[in-house]
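These notes are about the structure you will find just below.
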Amino acid sequence: MSYEIEVDGVTITVEKKKMKNIRIRVLSPTGQVKISAPHRVSREEIIKFALSEIDWIREKQSQILKRQLKYENGETHYLWGKPYTLQLIERNKHFKDVFVEDDIMYLPVNLKKPSLEERRKTMIEFYRHEIKSAIPDVLEKSIAVVGREPDEWRVKNMKTRWGTCNTREKRIWINLQLAKKSPQCLDYVMIHELTHLIVPNHGREFKAHMDKFYPDWREVRKLLNNQSHY
């Protein structure tokens, strides 16, 4: 028996097994979280256990993601779900920003002193630009579906959350890493965060609204959390 829970913004797959103690794992390379638990342990006990380990979970996810990318020639990077082979080129007045051509993603850098931090920041800004360009249309369509509109939206590079919603300020944050994912993942996250303007938690009422607004949300959530290019 297996099912999913969401604890403080982290999706966790729970598997019930014949065993004595609860076991938690954060898997490479995706950072996916799995909990194995005895059949006798209740859902509420598992959630409580996961909450007690949430800082450890986020630290492990962060460690996995940090060692995953080196921004070197031949590395695979993604844009809207499509894989590209990374190619470093000399930065000059003609080539300042990341761009894609055919199946190649070109990263302009100082080839004499190819700083890892420089490469990382350049790539982050590329994804920030991509997600900011995509959000207005997605937000407009999502507002029409949900019937709620945020006062403000912002983009942030987040390690463990795809989006957040400050219900009091009516402000939505979107993870720029979503630009790596298939486009429907951004659709799902936007609907999800707007729905929090109706229901602030993830209870039954929230799920009922999600079923109405985005019937395939569970499948897209699995796609989002299982795709390895994060």
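- The backbone N or O of Y71 sits less than 3.5 Å from a side-chain atom of R119, completing a donor-acceptor pair.
- No side-chain heavy atom of E72 sits under 4.5 Å from any side-chain heavy atom of L86.
- No donor-acceptor pair under 3.5 Å is formed between the side chain of Q177 and the backbone N or O of N157.
- Using a 4.5 Å heavy-atom threshold, the side chains of P38 and I22 count as touching.
- Salt bridge present: K17 and E15 bring a charged side-chain N and a carboxylate O closer than 4.0 Å.
- One N or O on the side chain of S115 and one on the backbone of E117 form a donor-acceptor pair closer than 3.5 Å.
- Exactly one residue among I12, T11, V14 makes a side-chain contact (heavy atoms from CB on, under 4.5 Å) with E4. That residue is T11.
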- Message: Please evaluate residues I5 and T13 with respect to the criterion side chain to side chain contact (heavy atoms under 4.5 Å, CB included), reporting the C-alpha separation (whole Å), side-chain torsions for both, the decisive distance (0.1 Å), and the verdict.
- Response: CA-CA 7 Å; I5 58 175; T13 300; over 6 Å; no

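- The heavy-atom pair separating M158 from R161 by the smallest distance is CB-O, 3.5 Å.
- Between E152 and R154 there is a salt bridge, since at least one side-chain N of the basic residue sits less than 4.0 Å from a carboxylate O of the acidic one.
- Side chain of R91 to main chain of V109: no donor-acceptor pair is present (N/O by atom type, distance under 3.5 Å, no hydrogens or angles).
- To the nearest 0.5 Å, atom CZ of residue R221 and atom CG of residue D216 are 13.0 Å apart.
- Minimum heavy-atom separation, M105 to V98: CG-CG1, 3.7 Å.
- Atom CD1 in I35 sits 13.0 Å away from atom OG in S2 (nearest 0.5 Å).
- Within the structure, no pair that satisfies the salt bridge (Lys or Arg N to Asp or Glu O under 4.0 Å) test touches residues 37-57, not counting sequence neighbours.
- Closest approach of I131 to A179, counting heavy atoms only: CD1-N, 3.7 Å.
- The residues K222 and E219 are annotated as not salt-bridged, no charged nitrogen and carboxylate oxygen being separated by less than 4.0 angstrom.
- One distance of note links OH of Y214 with CG of L194; it measures 13.0 Å at 0.5 Å rounding.
- By the 4.5 Å heavy-atom criterion applied to side chains, L223 and S182 are counted as neighbours.
- Considering all non-hydrogen atoms of both residues, K70 and E75 come closest at N-OE2, 2.8 Å.
- Figure legend: cation-pi geometry between K180 and Y127, with NZ or CZ positioned under 6.0 Å from the six-membered ring centre and within 45° of its axis.
- Here the CD1 atom belonging to I57 is positioned 9.5 Å from the CG atom belonging to D8, to the nearest 0.5 angstrom.
- Open room surrounds CD on E140; 12 or fewer heavy atoms of other groups in view lie less than 6.0 Å from it.
- Taken from CH2 in W162 to CG in N175, the straight-line distance is 6.0 Å, to the nearest 0.5 Å.
- For the residue pair M19 and A37, the shortest heavy atom distance occurs at SD-N, 3.7 Å.
- A donor-acceptor contact closer than 3.5 angstrom links the side chains of W80 and E130.
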**OP:** Evaluate side chain to side chain contact (heavy atoms under 4.5 Å, CB included) for I143 paired with R148, printing each intermediate quantity in order.
**Re:** CA-CA 6 Å; I143 289 171; R148 293 291 190 278; over 6 Å; no

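- Here CG of L186 is found 5.0 Å from CE of M190. Values are rounded to the nearest 0.5 Å.
- When all heavy atoms of E169 and N166 are compared, the pair lying nearest together is N-OD1, 2.9 Å.
- For the pair M123/L107, a side-chain contact is recorded, criterion being any heavy-atom separation below 4.5 Å from C-beta on.
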Verdict with reasoning, I172 to I174, per side chain to side chain contact (heavy atoms under 4.5 Å, CB included): CA-CA 7 Å; I172 286 176; I174 299 296; 3.7 Å; yes

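- Using a 4.5 Å heavy-atom threshold, the side chains of S36 and I24 count as separate.
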- [ ] Could you go through the side chain to side chain contact (heavy atoms under 4.5 Å, CB included) check for R128 and K156 one step at a time?
- [x] CA-CA 8 Å; R128 189 188 306 277; K156 188 176 182 181; 5.8 Å; no

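- Listed by chain and number, the hydrophobic cluster partners of I89 are F95, F99, I104, Y106, where partners are ILVMFWY side chains within reach of under 4.5 Å, directly or through others.
- A side-chain contact (heavy atoms from CB on, under 4.5 Å) with W217 is found for exactly one of D187, D211, I191, V189, namely D211.
- Contact annotation: the side chain of K16 approaches that of I46 to within less than 4.5 Å [non-hydrogen atoms, C-beta and beyond].
- For residues 170-193, the set of pairs meeting the ring pair (Phe, Tyr, Trp, His ring centres under 6.0 Å) definition, not counting sequence neighbours, comprises Y188-H192, H192-H196, H192-H202, H192-F206.
- A donor and an acceptor atom, one from each side chain of N110 and E118, are nowhere located under 3.5 Å apart.
- V10 has its side chain within reach of R58: a pair of non-hydrogen atoms, C-beta onward, lies under 4.5 Å apart.
- Within 6.0 Å of atom CZ in R218, more than 12 heavy atoms from other residues, nucleotides or ligands are found, so the atom counts as buried in its surroundings.
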